[in-house]
Amino acid sequence: MLADTEDGLTGSEIQDLLARLDMQDPLPGATKRVRLAEAFVVAQNRFGSPKRIITFIVTAMEPVRYRSQPELFSLRQDGLNEHLAFVGLRVNDEGKVAKGAVAQSLDEASRIATSLRDELRRRKCHPEVLRYCSMEVLKQAHFHACLEATKSIFDRLRSLTGASGDGAALIDAALALGKSGVPMLAINSLRTQTEKDEQTGLANLVKGLNGLYRNPTAHDPRLSRTISDDELLEVLTMVSTVHRRLDGVSASNGSSP
């Protein structure tokens with residue numbers, strides 16, 4: 001995780017940390033993973049203890065290093081914890097290595113380390129949801145994650161229809177059957193009463209999400225609105241369901257968006 005190609009430390013960061021901690025850098029020209037692994041092996045043999053390796057992890061995970069990239073801290077923390085779980089350790093929110101649950105299997109290690117972001121991916125959350133609120137989820141800003149996720153629905157309705165407006169008026173314009181019985185966006189053929197009820201149900205679900213989460217989070221002070229991990233997962237799963245239904249809509253002019 002620390003030497004990951006995309007999200008790990010850079011080569012210069014590895015060099016600086018090794019020098020700072022008086023750890024040898026025996027393979028400076030190797031790939032980051034091989035270089036860091038070899039440095040850890042040499043440190044273990046040299047000091048006869050894993051303490052220097054743990055110190056390296058703690059130093060690399062100092063929260064001050066991530067003041068402008070808190071989402072990167074969460075990403076590395078999750079990855080490290082999935083590995084450290086096998087030896088009963090974890091990186092806590094202060095960047096310290098602490099005792100944790102011991103994993104006996106890969107699945108158990110994943111469950112111990114799983115973050116909200118990973119749980120959403122496990123649930124195959126719609127990409128539109130993650131596109132709008134990934135940063136808020138990584139920052140554990142549940143309040144704003146709900147707001148951004150619900151806003152994603154309205155942006156998608158505007159994009160699919162070309163309509164303006166917001167809230168209930170936009171939902172009615174895009175999804176309601178109206179007097180004509182033909183909405184701008186139909187999620188099915190609307191040939192049977194069941195299909196019409198399904199169309200109305202989706203419109204009502206979006207209105208409910210708007211009333212329950214978007215309007216309160218937009219208007220209430222942050223400190224008066226507490227959203228638990230479970231509630232956040234439930235909200236984002238519902239928003240994901242809405243986006244999946246919108247994936248298959250037909251426009252009223254007969255063309256597919």
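For the pair Val129 and Leu120, the minimum side-chain heavy-atom distance is 4.5 Å or more. Looking only at side-chain heavy atoms (C-beta outward), Phe154 and Val206 come within less than 4.5 Å of each other. Residues Val235 and Ile227 fail the side-chain proximity criterion, which asks for heavy atoms closer than 4.5 Å. Between Asp7 and Leu72 the shortest side-chain heavy-atom distance falls below 4.5 Å. Residues Met184 and Leu160 have side chains not in contact (no heavy-atom distance under 4.5 Å, counting atoms from C-beta outward).
A distance-only check finds no donor-acceptor pair linking the side chain of Arg52 to the backbone of Met23 [under 3.5 Å]. For Asn81 (side chain) and Val91 (main-chain N/O), a donor-acceptor pair under 3.5 Å exists by modelled atom type. A donor-acceptor pair is defined here as one N or O able to donate and one able to accept, closer than 3.5 Å; such a pair exists between the side chain of Gln199 and the backbone of Leu185. Remark: the backbone N or O of His126 is paired with a side-chain donor or acceptor of Ser240 at under 3.5 angstrom.
Scanning for salt bridge (charged side-chain N to carboxylate O under 4.0 Å, His left out) contacts around Asp172 gives Lys207, with sequence neighbours left out. Residues meeting the salt bridge (charged side-chain N to carboxylate O under 4.0 Å, His left out) test with Arg158, sequence neighbours left out: Asp155, Asp166. Partners of Arg67 under the salt bridge (charged side-chain N to carboxylate O under 4.0 Å, His left out) rule, at least two apart in sequence or in another chain, do not exist in this structure. Listed by chain and number, the residues in a salt bridge (charged side-chain N to carboxylate O under 4.0 Å, His left out) with Arg156 are Asp247 (sequence neighbours excluded). With sequence neighbours excluded, the residues that form a ring pair (Phe, Tyr, Trp, His ring centres under 6.0 Å) with Phe73 are Tyr66.
For the residue pair Ser228 and His142, no side-chain donor N or O sits within less than 3.5 Å of a side-chain acceptor on the partner. Defined by atom type and a distance below 3.5 Å, a donor-acceptor pair is present between the side-chain atoms of Asn188 and Glu198. Side-chain contact check for Thr237 and Arg123: at least one donor-acceptor pair (N or O, by modelled atom type) lies under 3.5 Å. For the residue pair Ser12/Thr10, the side-chain donor-acceptor check at 3.5 Å is satisfied.
Each of Val42 and Ile57 belongs to its own hydrophobic cluster when Ile, Leu, Val, Met, Phe, Trp and Tyr are linked at side-chain heavy-atom distances under 4.5 angstrom. Connection of Ile54 to Val41 is not established within any shared hydrophobic cluster, with ILVMFWY side chains joined at heavy-atom distances below 4.5 Å, either directly or through further cluster members.
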*Would you check, one step at a time, whether the test side-chain contact (heavy atoms from CB on, under 4.5 Å) holds for Leu232 with Asp229?*
CA-CA 5 Å; Leu232 176 64; Asp229 287 0; 5.8 Å; no
*Report the C-alpha distance between Thr150 and Asn210 in whole Å, list the side-chain angles of each, state the deciding distance to 0.1 Å, and finish with yes or no for side-chain contact (heavy atoms from CB on, under 4.5 Å).*
CA-CA 7 Å; Thr150 49; Asn210 183 60; over 6 Å; no
*Pair His243-Ser152, side-chain contact (heavy atoms from CB on, under 4.5 Å): steps then yes or no*: CA-CA 9 Å; His243 278 295; Ser152 72; 2.9 Å; yes
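Side-chain contacts under 4.5 Å among hydrophobic residues (ILVMFWY), followed directly or transitively, place Leu27 together with Val34. Other members of the cluster containing Tyr132 do not exist, because no ILVMFWY side chain is joined to it at under 4.5 Å.
In this structure, the separation between CE on Met238 and CD1 on Ile153 is 9.5 Å, given to the nearest 0.5 Å. Note: Cys133 SG to Glu128 CD = 11.0 Å, rounded to the nearest 0.5 Å. Atom-to-atom distance recorded for Leu157:CG and Leu175:CG is 5.5 Å, nearest 0.5 angstrom. For the atom pair CE (Met1) and CG (Leu84), the distance works out to 12.0 Å, reported to the nearest 0.5 Å. Rounding to the nearest 0.5 Å gives a distance of 9.0 Å between CG of Asn204 and CD1 of Ile171. Once rounded to the nearest 0.5 Å, the distance linking CG of Leu36 with CD of Glu13 reads 11.5 Å.
When all heavy atoms of Val239 and Ala149 are compared, the closest pair comes out as CG1-O, 3.5 Å. Looking at every heavy atom in both residues, Gly88 comes nearest to Val102 through CA-CG2, 3.5 Å. Nearest heavy-atom pair across Leu190 and Gly181 is CD1-O, 4.0 Å. The two atoms that bring Ala39 and Pro26 nearest to each other are CA-CD, 4.0 Å, heavy atoms only. Counting all heavy atoms, side chain and backbone alike, Arg46 lies closest to Asp22 at NH1-O, 2.8 Å. When all heavy atoms are compared, the tightest approach of Cys146 to Tyr213 is SG-CD2, 4.3 Å.
Checked options Leu17, Asp16, Leu18; the residue passing with Ile14 is Leu18 (criterion: side-chain contact (heavy atoms from CB on, under 4.5 Å)).
For residues 21-55, every residue pair satisfying the ring pair (Phe, Tyr, Trp, His ring centres under 6.0 Å) rule, not counting sequence neighbours, is listed here: Phe40-Phe56. Applying the salt bridge (charged side-chain N to carboxylate O under 4.0 Å, His left out) definition to pairs two or more places apart or across chains, those involving residues 141-151 are Glu148-Lys151. Applying the side chain to side chain donor-acceptor pair (under 3.5 Å) test to pairs two or more places apart or on separate chains, those with a residue in residues 23-40 are Asp4-Arg33, Asp25-Arg35. Residues in residues 87-99 take part in these side chain to side chain donor-acceptor pair (under 3.5 Å) pairs, two or more places apart or across chains: Gln77-Asp93. Counting only residues at least two apart or in different chains, salt bridge (charged side-chain N to carboxylate O under 4.0 Å, His left out) contacts with residues 187-196 are absent.
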